[in-house]
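The structure under discussion appears below in the form of structure tokens.
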Amino acid sequence: MDREWGSKPGGGGAASAQNEAIDRRERLRRLALETIDLAKDPYFMRNHLGSYECKLCLTLHNNEGNYLAHTQGKRHQTNLAKRAAREAKEAPAQPQPHKRKVSLKKNVKIGRPGYRVTKQFDPETKQRSLLFQIEYPEIEDNTKPRHRFMSSFEQKLQPFDKRYQFLLFAAEPYEIISFKVPSTEIDKSTPKFFSHWDPDSKMFTLQLYFKIKPPEAKPPPPPPAANGTAGAPPARPLPPPPQGPPPPPPQGPPPSSMMGNGPRPMPPGGNMPAPPPPPVGGGPMANFTPGGQMGRPPPPMMPPQGFQMQGQGPYPPPPPPPNMG
């Protein structure tokens, strides 16, 4: 059986240098596919011919595997090192930010301190004040209690209320305590606002005064008028009355024709109205004859019952009433 020297039975013969290079590039390609993302590689480019280029080394590759094998080669790695050294040399030297190291103390809290709050009132200035006395019998050596004011919007334990604020006291190893006080401006003048720490009795004292709210300014009264009465603001002129459409013209005859000597117009029914009765007694209207002014003879006077006029017989008596029986 013919086989090359040095190979084992069934091994297919010793691999040549060319075959070893092909096998090495294949292993490098598989390794690069698992660790490198071509979409994020700034030097990988596909040209218009369908092949791939390395913009760093200016080399052509037929497929992605060949390019990945190139990135693991000595030439590509050397060019990457040169590029990094040149960019570092050209970049301006920037000072490194100084990072301050803060050591956090981890102390075990022993509870809340004792306190006493006193309400005060100054009758001269009409100001209200509060006196806080906090006892720290086991405070750490060479330390002093601290205090600060906190808005209601900074805390998250209670609902927000802009009418109040919080006054905090802190000292190690005690817990932080706070007091809810009105959100009124504090008078921080020297004799009224002060704090004192007594290292012998281990008591911290703080006193504060609240400023008085200024009274609301009222508008000045109007100046008096000339006649002595208080000047009232000028009244607004009344608007002109609304002008309606003009009345329609009269449809009947003019009133002058009604007062003349002409005949009266006929009423809608066609019967003339009865003339008024003559006045009784002597007066300027005693000789007034009805109808004389209207152009027609006066109506005959009806005699009373039982009398007889000349040339005519007596009027018959009225008929008797009907028999109701």
When rounded to the nearest 0.5 angstrom, what is the spacing between [atom1] in [X] and [atom2] in [Y]?
X      : Y      : atom1 : atom2 : value
Thr184 : Ile186 : OG1   : CD1   : 8.5 Å
Arg46  : Ser51  : CZ    : OG    : 9.0 Å
Asn66  : Glu26  : CG    : CD    : 11.0 Å

Would you say [X]'s side chain and [Y]'s backbone share a donor-acceptor pair under 3.5 angstrom?
X      : Y      : answer
Asn47  : Gly50  : yes
Glu135 : Pro113 : no
Tyr209 : Leu130 : no
Glu53  : Lys55  : no
Ser151 : Phe153 : yes

Does any donor atom in the side chain of Gln127 or Asp122 lie under 3.5 Å from an acceptor atom in the other side chain?
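No.
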Side-chain donor-acceptor pair under 3.5 Å between Tyr67 and Asn62, yes or no?
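There is no such pair (donor and acceptor under 3.5 Å, judged by atom type) between the side chains of Tyr67 and Asn62.
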Do [X] and [Y] have side chains that approach each other closer than 4.5 Å (heavy atoms only, starting at C-beta)?
X      : Y      : value
Ile134 : Leu206 : no
Ser178 : Met150 : no
Lys82  : Leu80  : no
Tyr43  : Asn79  : no
Gln155 : Phe160 : yes
Arg75  : Thr59  : yes
His61  : His70  : yes
Gln207 : His196 : no

Name the atoms and distances for all side-chain donor-acceptor pairs under 3.5 Å in residues 161-173, with sequence neighbours left out.
residue	atom	partner	partner atom	Å
Asp161	OD1	Arg163	N	3.2
Asp161	OD1	Arg163	NE	3.3
Asp161	OD2	Arg163	NE	3.4
Asp161	OD2	Arg163	NH2	3.1
Gln165	NE2	Pro182	O	3.2
Glu172	OE1	Lys109	NZ	3.1
Glu172	OE2	Lys109	NZ	3.2

So which atom in [X] and which in [Y] form the shortest heavy-atom distance, rounded to 0.1 Å?
X      : Y      : value
Ser152 : Pro159 : OG-O, 4.0 Å
Phe44  : Glu64  : CZ-CG, 4.3 Å
Thr71  : Gln77  : O-NE2, 2.7 Å

Please check if [X] and [Y] belong to a single hydrophobic cluster, counting links between Ile, Leu, Val, Met, Phe, Trp and Tyr side chain heavy atoms closer than 4.5 Å.
X      : Y      : result
Leu56  : Met45  : no
Tyr174 : Trp197 : yes
Ile110 : Ile176 : no
Phe193 : Val181 : yes
Phe204 : Leu131 : no

Would Leu68 and Gln72 satisfy side chain to side chain contact (heavy atoms under 4.5 Å, CB included), going step by step from the backbone distance to the final call?
CA-CA 7 Å; Leu68 292 175; Gln72 304 300 321; over 6 Å; no
Between Tyr136 and Lys202, is there a cation-pi geometry (under 6.0 Å to ring centre, at most 45° from the normal)?
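Output no; distance or angle outside limits.
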Decide, yes or no, whether a salt bridge links [X] with [Y] under the criterion of side-chain N to carboxylate O below 4.0 Å.
X      : Y      : value
Asp187 : Lys192 : yes
Glu154 : Arg148 : yes
Arg24  : Glu20  : no

Assess whether atom [atom1] of [X] is packed by more than 12 heavy atoms of other residues, nucleotides or ligands within 6.0 Å.
X      : atom1 : result
Lys180 : NZ    : yes
Gln18  : CD    : no
Leu60  : CG    : yes
Tyr115 : OH    : no

